[in-house]
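The structure's right below; bear with me while I get my questions together.
The basis for the numbers below is simple: all heavy atoms, side chains too, and nothing from hydrogens, waters or symmetry mates. Below, read A as the first sequence line, B as the second, and so on, with proteins coming before strands; counting in each chain starts at 1.
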Amino acid sequence: MPELPEVETVRRGLAPFMEGAAFTRVELRRANLRFPFPERFAERLVGRRIEALDRRAKYLMARLDDGATLAMHLGMTGRFTIELAGGAANIPGDFVYQTGRNAIHDHVLFALDNGVSVRFNDARRFGYMTLIDGMLERHPLFEGIGVEPLSNELTPEYLAKRAAGKIAPLKSFLLDQRVIAGLGNIYVSEALFRAGLRPTRPAAVLATKSRAPTAACERLVAAILVVLEEAILAGGSSLRDFAGVNGAPGYFQHTFGVYGRTGEPCLQCGVAIERIVQSGRSSFFCPRCQR
DNA sequence: AAGCGAACCTGGCTGC
DNA sequence: TGCAGCCAGGTTCGCT
């Protein structure tokens, strides 16, 4: 589910309900997700007010009034839903409220002093939450993390410098969160399609011998921006289980150029889209448009 | 030392 | 209907 646009969509959905509110009760239904919860996690949260709900890379960052930050990662299947005091409701980000047998995957419940409760459900438990004191940049999760793709730090010059001399394929180079923070398997495929670059090309094609950006690098940076901005505008992408409250499948999936379209015609040239496996993950590309 | 495959965990879909 | 096999948005670890 969650690459940068999905996490940003969740953030925008949750922020109006969480910012300015304080935790009145925190319930952990198990001792760990991907990692154990930190010591006294629930006790430390209760009474704290959320000053802002931000995003860094694929993390939701709740800035607390005691200076600490609650960092939350959705993993593969993590999702937040909210309920208002008077009954079930859904956040503007349009996520399905889980009921029935999925309830066994409700792992964290936050009750807030504005009457809102927030539920974290994560079937595969690749998600996690932690509390960070002090400088974020020095926390193991965030030191060495790459640039925000939607900030002005992502420039052709930056990307060329990072790519220079690298033999690794563009696919894995772009998935590396130490280079760019927030891209995932879907948007890497989409960005490479837009840039006309085959995922198997070595990352070094982005740089000249003097480590300056090539034309391909310029195209790629532009493509990354367009793909992410479009996805955020559309309310996050949507794979099967990213459906909206009204049961409608998500909005952005129609506009995928290559992701999940094996054998279907390229929207630009009609040639069949191909799927290959790189580093154990699927890559999709048009064999004619991407060289 | 970069780069790859495996591992973490569960559910959904396909095909026999 | 049952069951085996394969696939999935992410990240980290350990072996070349």
### Task
Measure across A:R44 and A:R48 and return the closest heavy-atom pair with its distance rounded to 0.1 Å.
O-CG, 3.2 Å
### Task
Send over the distance from A:K171 NZ to B:dG5 P, rounded to a whole Å.
12 Å
### Message
We want to know whether A:Y187 and A:E6 form a side-chain donor-acceptor pair, criterion being a heavy-atom distance below 3.5 angstrom.
### Response
yes
## Note on the structure
note: A:L141, atom CG; C:dG10, atom C1'; distance rounded to Å ~ 13 Å
#### Entry: Below 4.0 Å: OP1/OP2 of B:dC9 and any side-chain N or O of A:H105
no
### Message
So A:L175, base contact, sugar-phosphate only, or nothing? Heavy-atom distance under 4.0 Å.
### Response
nothing
#### Entry: Salt bridge flag under 4.0 Å for residues A:R12 and A:E8
yes
### Query
Under 4.0 Å between a side-chain N/O of A:H73 and OP1 or OP2 of C:dG10, yes or no?
no
### Query
Between A:R40 and A:E43, is there a salt bridge with N-O shorter than 4.0 Å?
no
### Message
So, under a plain 3.5 Å distance rule, would you say the side chain of A:R124 forms a donor-acceptor pair with the base of C:dA8?
### Response
yes
### Message
Is it the case that C:dT11 (base atoms only) and A:R34 (side chain only) share a donor and an acceptor within less than 3.5 Å, ignoring hydrogens and angles?
### Response
yes
### Message
Just the rounded figure in Å: distance from C1' of C:dT11 to CG of A:L4.
### Response
16 Å
### Length of the line joining A:R125:CZ and B:dA7:P, which is rounded to integer Å
18 Å
### Query
Can you check the A:M76 CE to B:dT10 C1' distance for me, whole Å?
11 Å
### Message
Do A:T77 and A:D122 pair up side chain to side chain, a donor and an acceptor below 3.5 Å, judged on atom types alone?
### Response
yes
### Query
A:Q278 side chain N/O closer than 4.0 Å to the phosphate oxygens (OP1, OP2) of B:dC4?
no
### Query
So which nucleotide does B:dA7 pair with, by the Watson-Crick or G-U wobble rule with both distances under 3.5 Å?
C:dT11
#### Entry: Between B:dC9 and C:dG14 - P atom distance, rounded Å
16 Å
### Task
Provide the distance between the two P atoms, one in B:dA6 and one in C:dC6, to the nearest whole Å.
13 Å
### Task
Scan side-chain atoms only and decide if A:Y59 and A:R55 contain a donor-acceptor pair under the 3.5 Å cut-off.
no
### Query
Does C:dG10 have OP1 or OP2 sitting under 4.0 Å from an N or O in the side chain of A:R281?
yes
### Message
Taking only side-chain N and O atoms of A:S282, does any of them lie within less than 4.0 angstrom of OP1 or OP2 on C:dA8?
### Response
yes
### Nearest-Å distance for atom pair CG/C1', residues A:L170 and B:dA2
16 Å
### Query
What is the distance from CG of A:D122 to C1' of B:dC8, rounded to the nearest Å?
12 Å
### Query
Does the side chain of A:K58 get closer than 4.0 angstrom to OP1 or OP2 of C:dT11 through an N or O atom?
yes
#### Entry: Residue-phosphate contact under 4.0 Å: A:S172 side-chain N/O, B:dC4 OP1/OP2
yes
### Summary
In whole angstroms, the gap separating P of C:dC6 from CZ of A:R275 amounts to 12 Å
### Query
If we require ring centres under 5.5 Å and near-parallel planes under 30°, does A:F126 stack on C:dT11?
no
